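Below you'll find the structure, written out as structure tokens, and then a few comments.
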Amino acid sequence: MSNTETQNNEKRILLMEDSDIFADVLLEFLAESGYKTLRAENGFEGIKLAYSFMPHLIITDIEMPIFKGYQATRLLKSRKSTKDIPVIMFTSLKETKDRFWGESAGADFYIEKSPENFSKLRDSIIHLLGGCAEIDFAGIEREGKRINDNAIIEMVNNLLDNKLFQTTIVGMLAELSSRMNSMEEIVQSVLELLRNVVETEIVSVMIQGGALYVYTANFSGYSRTVIDDFNSICKTDFGAMFPDSQTAVKSAKDFFQPGSKDKQIESYIVVPLHNAGKQFASMHIGNSIRDYFTPGILENLNVFLAAAAPIIANALYIREMDELQKRTRTAFARYVPEDVMDEIIRKSSSGTVTQSETRNVTVLFSDIRNFTKITEKTGAQEVVSFLNNIFAAMGTEIISEMGHIDKFIGDAIMAVFGVSKTIENAPQSAIRAAVRMLAALKTVDTSAINLPDSGLRIGIGINCGECIVGNIGFENKIDYTLIGNTVNLASRLEGTSKMYQHPLIVSSDMYNAARDNFIFRKIDNARVKGKDEPVEIYAVYTGFEGEEAIFRDGKKSDLPIVPELLIKRELLNDYNNGIRLHYMKEWKASIEYFEKAVEADPHDFLANLYLDRSREYLRNPPPEDWDGSVTLTEK
């Protein structure tokens, strides 16, 4: 036998359990740990065995014949000789009211009964046996000589008479805890109820949480001078109880205004408040009656505060968890949009957080042009500051159109629209965000960096379609993101914006979804890198040069004017005619229209591109199976 088992063998544990099956399991568990055990099948028998077996610790169920566990506990805790025997309630009852009554009866720990909690039970036993007050076994033995069934019945009757008032008050406490919402409301109600227990003229509750919370009730209308003196004593005593406490008061509330009463406070008491074995607050009570706090009054007060402490502690926990959640949401809102955060929390509570699903979303990629050249000629800190500035400007516009930033990739941004929130037209919102991003470029401070001759420019590609949305990664690093061909194509479209010299390029799916509110110009049937099938890609414009931007529904555009997104009407008409003829292999006719388009704007890249292509095909026609597509080798 080990030293630990030898030491445990000296410790006696009384088990009150009416279930034969569970009692056998639990007794075997305790025996394996080296404890000497004895079982009572009900609370009445358990009280008798407490005097004959004289245990160092009691483990009790609640629901038992004759006497319930909390009734037996209350009786033993009310007796001078047995009050220091630690009690663990190990029960299948797990409702809040059951825990409340168990702790109100004086139980030291309340543990849900299950084999999975045996390790928790073992740790609690070790903790209580190692740190409990010295038990008066000599007193138990003396009193035990007078214990029989009649004596126990008499003790119970006396206890019920003495506890009737206390039980009523404790019941009122339980009721108010279910009606109140805020910690302030609960503390105020507890203090008002306290006046039914003791003559409370002035009282202060000081609660140590993440910071210091102080609540004062001046029921008798003491003057400001008396209140200040009282508070000074309270703070001194609280500091002695909590030497490492936060001195900054986070919340202070005086429930009553100062009055004119200058009578001296003659009686004062401070009582620590405990929950789950830990001291977390103090109650300070003052009275003008000398030697007011008699043993009888203190008994009622201690019972009341033992019941009130868990209620106040629970209110503190709820308040601080609420504040923690608000701070956490504020911090994570910088990384995860609020609606996505709500969804992750909802899925976490339902156990589906790790599941992925397919959704129809819109994906936007943007990238800074010539960023490598910028970094080569600019200091590291200046580059970081510049990126923060441009990301802030771009991010603001994305969020304004109900999008969210999925991630930053170097100098690139990946944004998503419609992944969580219901947007009437996510593709349209994404294009609107892109227009605002391009307009916001001029607000970015570039004074600390060396820009190329072309200035600060970005390229944007947008695609929409089905994606796989969910948590991707492993237990130490998980991202809530999306993957799929829709994402890949959006990234490739952003790359083509540099090749086709237009800042905003979208897919045919985007064209079909948003064609009523923007001007689209077909660029190519292109096989982007990583794709075998060609895709139609389009340049987006917000209006015609020299004309007011009006949507097809007749409404005026509310978007900012971006010069690169304006096109001449005659150029677009000639270009579109040339494109149709080009794909019909009518090279001469297409050349005529492209020449007109170039004449309208000699610097138009796409008109010049197709003019050159048509001329080349006129000289060297493509093969018979030509499908009009081009293969792009760059990302």
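Computed over heavy atoms, backbone and side chain alike; hydrogens, waters and symmetry mates excluded. If you're wondering where the values come from, they're calculated on a predicted model, not measured in any experiment.
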- Task: Evaluate the criterion side chain to side chain contact (heavy atoms under 4.5 Å, CB included) for residue pair M183 and K253; output intermediate values, then yes/no.
- Result: CA-CA 11 Å; M183 184 165 76; K253 177 70 175 180; over 6 Å; no
I'd like to know whether [atom1] of [X] has more than 12 heavy-atom contacts from other residues, nucleotides or ligands below 6.0 angstrom.
X	atom1	value
K498	NZ	no
I409	CD1	yes
E533	CD	no
E599	CD	no
Y317	OH	no

Between [X] and [Y], is there a side-chain N and carboxylate O pair less than 4.0 Å apart?
X	Y	result
K588	E592	no
D367	R369	yes
D453	K373	no

Is the shortest heavy-atom distance from the side chain of [X] to the side chain of [Y] under 4.5 Å?
X	Y	result
V535	S507	no
R436	P560	yes
Y215	Q188	no
F386	F371	yes
V540	L565	no
I431	L364	no
Y541	H502	yes
F242	L212	no

Taking atom [atom1] of [X] and atom [atom2] of [Y], what is their separation to the nearest 0.5 Å?
X	Y	atom1	atom2	answer
I368	I458	CD1	CD1	8.0 Å
I413	F391	CD1	CZ	5.0 Å
D123	H127	CG	NE2	10.5 Å
L451	L456	CG	CG	6.0 Å
I390	T446	CD1	OG1	9.5 Å
N360	T486	CG	OG1	7.5 Å

I'd like to know if the side chain of [X] and the backbone of [Y] have a donor-acceptor N/O pair within less than 3.5 Å.
X	Y	value
S629	N525	no
N389	S385	yes
D406	V416	no
Y610	I523	yes
N577	N573	yes
T362	C464	no
D524	I537	no

Work out which heavy atom in [X] is nearest to a heavy atom in [Y]; give both atom names and the distance.
X	Y	answer
W587	S614	CB-O, 3.9 Å
F544	K568	CD2-C, 4.1 Å
P452	I374	CD-CG1, 3.9 Å
P602	N608	O-ND2, 3.0 Å
V444	A393	CG2-CB, 3.9 Å
A607	F594	O-CB, 4.2 Å

request  = Starting from the C-alpha separation in whole Å, work towards a yes-or-no answer on side chain to side chain contact (heavy atoms under 4.5 Å, CB included) for R432 and F417.
outcome  = CA-CA 11 Å; R432 289 176 58 87; F417 296 78; over 6 Å; no
Passes side chain to side chain contact (heavy atoms under 4.5 Å, CB included), I186 versus I311? Steps please. CA-CA 8 Å; I186 286 178; I311 296 172; 3.7 Å; yes
query: Can you say whether the rings of Y511 and Y538 are parallel (under 30°), tilted (30 to 60°) or perpendicular (over 60°)?
result: parallel
*Can Y213 and E320 be counted as having a side-chain donor-acceptor contact under 3.5 angstrom?*
yes
(message) For a quick check under 3.5 Å, do Y575 and D604 share a side-chain donor-acceptor pair by atom type?
(response) no
Requested in this report: Go through the steps to decide whether E32 and R122 satisfy the test salt bridge (charged side-chain N to carboxylate O under 4.0 Å, His left out), and finish with yes or no.
Outcome: CA-CA 11 Å; E32 289 175 353; R122 181 179 57 247; over 6 Å; no
Residues passing the salt bridge (Lys or Arg N to Asp or Glu O under 4.0 Å) test with D411, sequence neighbours excluded, are none
Would you please indicate yes or no on a ring centroid separation below 6.0 angstrom for H582 and Y617? yes
Are M414 and V363 close enough, and set up right, to give a side chain to side chain contact (heavy atoms under 4.5 Å, CB included), and what steps lead you there? CA-CA 7 Å; M414 175 182 169; V363 184; 4.2 Å; yes
